[in-house]
There are 2 protein chains.
Amino acid sequence: MNTTGVLSSPARRQALADSYQAPELPPPAPELLRLLDLPANLPETLSIAEVAAVTGLTAHTLRYYERIGLVEVARDESGYRVYDREALARIVFVTRLRLSDMPISTITHYINLVNQGEQTAPERLLVMQEHRAMIRRRLREMSAALALTEYKIATYGGHCTP
Amino acid sequence: MNTTGVLSSPARRQALADSYQAPELPPPAPELLRLLDLPANLPETLSIAEVAAVTGLTAHTLRYYERIGLVEVARDESGYRVYDREALARIVFVTRLRLSDMPISTITHYINLVNQGEQTAPERLLVMQEHRAMIRRRLREMSAALALTEYKIATYGGHCTP
DNA sequence: AGTTGCGTTCGAGCGCGCTCTAACCTTTAC
DNA sequence: GTAAAGGTTAGAGCGCGCTCGAACGCAACT
C-alpha cells in the first residue's frame, strides 16, 4: 500500500518512458549519452523502473550497483526502492565514470572516500588525476585507431597490414 | 635443432628486449602504443618471445590469437613458432583493432572476409564504417568523461553530484 | 651430462561487469 | 476477485578476453 502518493502510477511511468524514449537495447550508447545532460523536469522521487528509463541502465544493474555499495536507496513501506535526487545524482555520476571505463573497484574506492568526509579530498584528487591520465591515454589510442579505420575505409577494404 | 640460423640466440633476444624496453606489466598501455609506429630494423622472422617483446602482448596471448584463428604462424623443424613479417603485421593490425575495443568476434569476421578474397571488400568496408561510428561515439563519451574529471579536479574532490 | 630456459599442447580457471532465475510480495486494472 | 504488471531477495550463470597450470620437448651453456 502506498500512503505517500509519490510512487509510480502507470500514467506517470508512461509519461516518463515517453519523454525519455524507451530504451532499445541493441545500441546502448545513445541513451547513455543522455546522462550528460539529464532533463530538469524530473519528479522528486523515482521508482527503479523510472530510474532505469532515464539512465538507460537496467533495473538489474541498478540493484547490483546498490548491492555493491555504490549507492544507498531508501525504501517505502512495502520495501520498494525510492530514488531521491541524491540517489539519482549518484547513479548518474557512477554511470559517467563507467562510461569512461573507470573500474568499479576504483569507483567504490572513490565513493568510500566521499563517505568518509572532507579530509579525504586530497586522496580523491589523486584518484581523479590518475583517471584523467588514463582517459587521455585512451583518447590517444582511440584517435590512432580512428586514423587506422579511416585509412581502411579510404582504401576500401585493403589487406591486414596496417 | 635449428638449421636455418634465424632462431633466437640469447644475445639477439637480449638486444631485442633492450631496444624495445622490457614490458613492465602494471601499465600495459604505453608499450601497446609503440605498435602505432613499429621500429623498422626488425629481423626477418621472430620467435614468440620476440614478438611479445615488440608488441607488449604476452606469449600466452599470442598463442591464444593463433588458436582462435586470428593469425597463422609457421613452425620450424622443432615445432617452434616462427613469425614472419606477414604474421607480425597481422598481430599488429589485430592489436590496433583491439586497442579501439573492437570485439574479437568482429575481428575474426573481418579477417575471415580478408581470407575469402577481394570480392568481400564491400562487406569489409561496411564493417569498418560501423567500427568508425563506434569509435567516434566512444571518443565523444570519453571527452565528456574527461570534462567531468577535469571539473572534479578543479573543484578538488567535490561531492558525488555531477 | 646436467642444468637452465624457452618452447610446445591441451584444457581449465579467472576477473570483470553485469544478467538472469526462482520464489515470492504489492499494486493496479478490469 | 483475479490477473497483469511491477517490485523484492538471494544466489547462480554468463560472455568476454585473456591467463595460467601441467606435463612435456628442445636448445644452449658449462
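Within every chain, numbering begins at 1; the chains are lettered A, B, ... in the order of the sequence lines, protein sequences first and strands thereafter.
- Rounded to an integer number of Å, the gap from OH of A/Y80 to C1' of C/dC24 is 11 Å.
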For nucleotides 1-3 of chain D, which of its nitrogen or oxygen atoms have a protein nitrogen or oxygen under 3.5 Å away, and what is each distance?
none

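- A/R85 contributes atom CZ, which lies 9.5 Å from atom OG1 of A/T45 (distance to the nearest 0.5 angstrom).
- Among residue pairs with one or both ends in residues 99-113 of chain A, those qualifying as salt bridge (charged side-chain N to carboxylate O under 4.0 Å, His left out) are A/D101-B/R138; sequence neighbours excluded.
- Taking 4.0 angstrom as the limit, A/R75 places none of its side-chain polar atoms (N or O) nearer than this to OP1 or OP2 of C/dC25.
- Under the 4.5 Å side-chain heavy-atom criterion for ILVMFWY residues, a single connected hydrophobic cluster contains both B/V54 and A/L148.
- The CD1-P distance, from B/I48 to D/dC26, rounds to 17 Å in whole Å.
- In this structure, the salt bridge (charged side-chain N to carboxylate O under 4.0 Å, His left out) partners of B/R75, at least two apart in sequence or on a different chain, are B/E66.
- Residues that satisfy the side-chain contact (heavy atoms from CB on, under 4.5 Å) test with B/T106, not counting sequence neighbours, are B/M102, B/P103, B/V127.
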*Do nucleotides 12-23 of chain C as a string where each nucleotide becomes B, S or -: B if the base has a protein heavy atom under 4.0 Å, S if just the sugar-phosphate does, - if no protein is that close.*
-----BBBBB--
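- One atom, CZ of B/R81, and another, P of C/dC6, lie 16 Å apart when rounded to the nearest Å.
- Distance CG (B/D76) to C1' (D/dG25): 12 Å, rounded to an integer number of Å.
- A straight line from CD of B/E77 to P of C/dG7 spans 15 Å, rounded to a whole angstrom.
- Atom CZ in B/R90 sits 8.0 Å away from atom CG in B/L70 (nearest 0.5 Å).
- For B/R63, a side-chain nitrogen or oxygen approaches OP1 or OP2 of C/dT8 to under 4.0 Å.
- Note: CD (B/E66) to C1' (C/dC10) measures 14 Å, nearest angstrom.
- A distance of 11.5 Å separates OH of B/Y80 from CD1 of B/I48, quoted to the nearest 0.5 Å.
- Using a 4.0 Å cut-off, some side-chain N or O of B/S47 falls inside it from OP1 or OP2 of C/dG7.
- A/E150 pairs by the salt bridge (charged side-chain N to carboxylate O under 4.0 Å, His left out) definition with B/R132, B/R136, not counting sequence neighbours.
- A distance of 9.5 Å separates CG in A/L99 from CE in B/M142, rounded to the nearest 0.5 Å.
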